[in-house]
Amino acid sequence: MIKKKVLDPNRIRCIERGFSFIPHRFLTDGFLSSLDQRELLLYFFLVLASDRQGLSFYSYEAICFLLQLSADDYIGARDGLIEKDLIAFDGTLFQVLDLPAKPQTGAGREASLHQYKLRHRIGQTRQGDGRG
């Protein structure tokens with residue numbers, strides 16, 4: 001087991017006014033890898049913006065401005081997070097939800113991963129035969 005030590009004891013972080021929390025199983029149970037970049041960006045923003053109950057009420061205009069997202073990208077990310085059961089939204093108020101038992105991956109995400117692997121293999125093949 002790795003023994004940890006504080007590297008800079010004068011800069012240990014603490015929670016002051018706001019409250020942001022992402023459980024470690026967001027990484028270890030595959031939630032991180034189940035999201036695309038826009039979904040991750042919006043999810044992390046909502047975690048940062050929310051209170052202890054996961055509630056925040058930023059407008060879509062403010063979110064798009066702060067995250068530099070188009071309206072379509074915002075809507076896609078928001079709907080993706082809702083479908084994956086990570087957030088609730090009532091048209092005004094967001095709630096970051098407690099993580100479900102396991103991540104829900106969409107068919108689109110799996111297809112993208114398959115395409116990435118295929119392109120990677122093709123690239124390796126081309127490099128191996130001198131054409132890459």
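As the structure is a computational prediction, the values presented were derived from the model and not from experiment.
Taking a 6.0 Å sphere around CD of Glu61, one finds it holds more than 12 heavy atoms contributed by other residues, nucleotides or ligands. Residue Asp90 qualifies as enclosed at atom CG: its count of foreign heavy atoms under 6.0 Å is above 12.
Ile82 and Tyr74 fall within the same hydrophobic cluster, where Ile, Leu, Val, Met, Phe, Trp and Tyr residues are linked whenever their side-chain heavy atoms come under 4.5 Å apart, directly or through other members. Residues Phe89 and Leu41 share a single hydrophobic cluster, defined by chaining ILVMFWY side chains whose heavy atoms lie under 4.5 Å apart. In terms of hydrophobic clustering, with Ile, Leu, Val, Met, Phe, Trp and Tyr side chains grouped at heavy-atom distances under 4.5 Å, Leu27 and Leu35 are assigned to a common cluster. Note on Leu55 and Leu48: separate hydrophobic clusters, where clusters join Ile, Leu, Val, Met, Phe, Trp and Tyr whose side-chain heavy atoms are under 4.5 Å apart, directly or indirectly. In terms of hydrophobic clustering, with Ile, Leu, Val, Met, Phe, Trp and Tyr side chains grouped at heavy-atom distances under 4.5 Å, Leu66 and Ile87 are assigned to a common cluster.
Here the OG-CD distance, from Ser34 to Glu39, works out to 7.5 Å after rounding to the nearest 0.5 Å. Distance check, rounded to the nearest 0.5 Å: NZ of Lys102 to CZ of Phe31 gives 10.0 Å. Atom CD of residue Gln68 and atom CD1 of residue Ile63 lie 14.0 Å apart, to the nearest 0.5 angstrom. Rounding to the nearest 0.5 Å gives a distance of 10.5 Å between CG of Leu86 and CG of Leu46. For the atom pair CG of Leu42 and CD1 of Ile75, the computed distance is 11.5 Å after rounding to the nearest 0.5 Å. Atoms CZ and CG, on Phe26 and Leu32 in that order, are 5.5 Å from each other to the nearest 0.5 Å.
When all heavy atoms are compared, the tightest approach of Gln104 to Lys84 is O-CG, 3.2 Å. For the residue pair Ala49 and Tyr58, the shortest heavy atom distance occurs at CB-CE1, 3.6 Å. Here the closest non-hydrogen pair linking Gly30 and Ser33 is O-OG, 3.2 Å. The shortest heavy-atom contact between Ser70 and Cys64 is O-SG, 3.9 Å.
A distance-only check finds a donor-acceptor pair linking the side chain of Arg25 to the backbone of Leu99 [under 3.5 Å].
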Residues Val96, Tyr43; criterion side-chain contact (heavy atoms from CB on, under 4.5 Å); working and verdict: CA-CA 8 Å; Val96 176; Tyr43 184 78; 3.8 Å; yes
side-chain contact (heavy atoms from CB on, under 4.5 Å) between Arg78 and Phe94, intermediate numbers included: CA-CA 10 Å; Arg78 182 199 65 203; Phe94 287 95; 4.0 Å; yes
Trace of the side-chain contact (heavy atoms from CB on, under 4.5 Å) decision for Asp73 with Leu67: CA-CA 10 Å; Asp73 286 343; Leu67 300 183; over 6 Å; no
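With contacts defined as side-chain heavy-atom distances shorter than 4.5 Å, the pair Phe44/Ile22 qualifies.
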